[in-house]
Protein chains: 2
Amino acid sequence: MTLSTGKVAKLAGVNVETLRFYEREGILPEPPRRASGYREYPPETVELIHFIKRSQELGFSLKEVKELLSLRKVPRRASKKATTLVDAKLAEIDLKLRDLRSMREALESLRCACASNGSSSACPIIESLSGRSESEEPG
Amino acid sequence: MTLSTGKVAKLAGVNVETLRFYEREGILPEPPRRASGYREYPPETVELIHFIKRSQELGFSLKEVKELLSLRKVPRRASKKATTLVDAKLAEIDLKLRDLRSMREALESLRCACASNGSSSACPIIESLSGRSESEEPG
DNA sequence: GTACACCCCGTACGTTGGTACGGAGTCAAC
DNA sequence: GTTGACTCCGTACCAACGTACGGGGTGTAC
């Protein structure tokens, strides 16, 4: 069972044009075609697109998503390259996690501070992510 | 002690034009000016820009960053609006956290799978974020 | 008092990530 | 065998987020 562009788009909640765009950009693999030229997508495509969209919302660019996706089919006895890339992505994710947690705490305390907290507090939300940006080392 | 555009830009690791752009967009507050028209930034501006950049890397748009920043100066006995916004942002962050953790696990298991794992495994990385996207409820 | 780095502004250009258009072919149903 | 929804493709357009240009004023060090 395969899906047409329209079906995939609908199921994945994206525009048909987006599928073509992703295909052009090499993010979606080219699906097989009928004699007529119509694309026939495997159903997993829908999950794939969910993954792409969600990754974007986590701050990954399409280029990075492509990298992440490339990790799927590492040929078993994985290249060192792949492992290195995985490690890099893990580090990136850990940093994001740390910052998100930090931001979360700040927001949480902000909500409380709305009620309590007399005056003149340094802003927790700015503080939550400041002071390092790129320059913090993982090790 | 105040900072010129050039100083701020250098310290924050962004282009001078970016500062002007953020100002135009209302993300950076307009700094005081000298008689000559030169901007005089308070030093916190640097932290502010770090915050902005980092927030973007966490998948927030400039519009969303603006919202986040607006939460700084809720007028003590905070408006319901502010609290609502905070709650919305918290939910957003929680979703991001969940997905990042999930993605992290998948990558972790991918790295192991490179060594072990005989054949024909469903791809963990796609699975990690698929199956819901928007449609998952928090409660 | 001028040299050189720095700042001003408006405007144009560039990249990323799509969206829309529109003419033509296809498919399923009637 | 024609209607109407769907697909094809190329190309143009769009919004978000900057980045570059270029002509002119400023500041300060010699």
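Letters go in sequence order (proteins before strands), and every chain restarts at 1. Just so you know, these numbers use all the heavy atoms, side chains as well, and skip hydrogens, waters and symmetry mates.
Atom CZ in A:Phe21 sits roughly 13 Å away from atom C1' in D:dC14 (whole-Å rounding). Rounded to whole Å, atom C1' of D:dG18 lies 8 Å from atom NZ of B:Lys53. Rounded to a whole Å, the CG atom of B:Leu62 is 14 Å from the C1' atom of C:dT16. Between A:Glu25 atom CD and C:dT15 atom P there is a gap of 13 Å when expressed in whole angstrom units. Remark: P of D:dG18 and CD1 of B:Ile27 are 8 Å apart, rounded to the nearest angstrom. If you measure from atom CZ of B:Phe60 to atom C1' of D:dA16, you get 17 Å, rounded to the nearest angstrom. Between the P atom of C:dA20 and the CZ atom of A:Arg24 lies a distance of 14 Å, rounded to the nearest Å. One interatomic measurement links the two molecules: CZ of B:Arg39 to P of D:dG25, which rounds to 18 Å at whole-angstrom precision.
B:Leu11 and B:Val16 fall into different hydrophobic clusters, where Ile, Leu, Val, Met, Phe, Trp and Tyr residues are linked whenever their side-chain heavy atoms come under 4.5 Å apart, directly or through other members. The cluster map of Ile, Leu, Val, Met, Phe, Trp and Tyr, joined by side-chain heavy atoms under 4.5 Å apart, puts B:Tyr38 and B:Val8 in different clusters.
The phosphate of C:dG18 has neither OP1 nor OP2 within less than 4.0 Å of any side-chain N or O from A:Thr18. Phosphate contact (OP1/OP2 of D:dA16, side-chain N/O of B:Gln56, threshold under 4.0 Å): absent.
Taking only distance into account, the side chain of A:Arg20 meets the base of D:dG10 through a donor-acceptor pair shorter than 3.5 Å.
When each of B:Ser4 and A:Ser61 is assigned the nucleotide of DNA chain C bearing its nearest heavy atom, the one mapping closer to the 5' terminus is B:Ser4. Mapping B:Asn15 and B:Lys63 onto DNA chain D via the closest heavy atom, the residue that lands nearer the 5' end is B:Lys63.
Relative to the ring axis of B:Tyr22, B:Lys66 does not place its NZ or CZ within 45° and under 6.0 Å from the centre. A cation-pi arrangement is absent between B:Lys89 and B:Phe60 under the rule of less than 6.0 angstrom and at most 45 degrees off the ring axis.
When distances run from any side-chain atom of A:Tyr22 to the nucleotides D:dC9, C:dT11, C:dG18, the shortest one goes to C:dG18. With distances taken from any side-chain atom of B:Glu17 to the nucleotides D:dT19, C:dC21, C:dC7, the minimum falls on D:dT19.
Classification of A:Glu23 and A:Arg33 as a salt-bridged pair holds, one side-chain N sitting under 4.0 Å from a carboxylate O. Ion pairing between a basic and an acidic side chain is recognised when a charged N comes within 4.0 Å of a carboxylate O; B:Arg34 and B:Glu40 show such pairing.
The backbone N or O of B:Glu44 sits nowhere less than 3.5 Å from a side-chain atom of B:Glu47 that would complete a donor-acceptor pair.
Against DNA chain D, the stretch residues 29-38 of chain A makes heavy-atom approaches under 4.0 Å through A:Arg33, A:Gly37, A:Tyr38.
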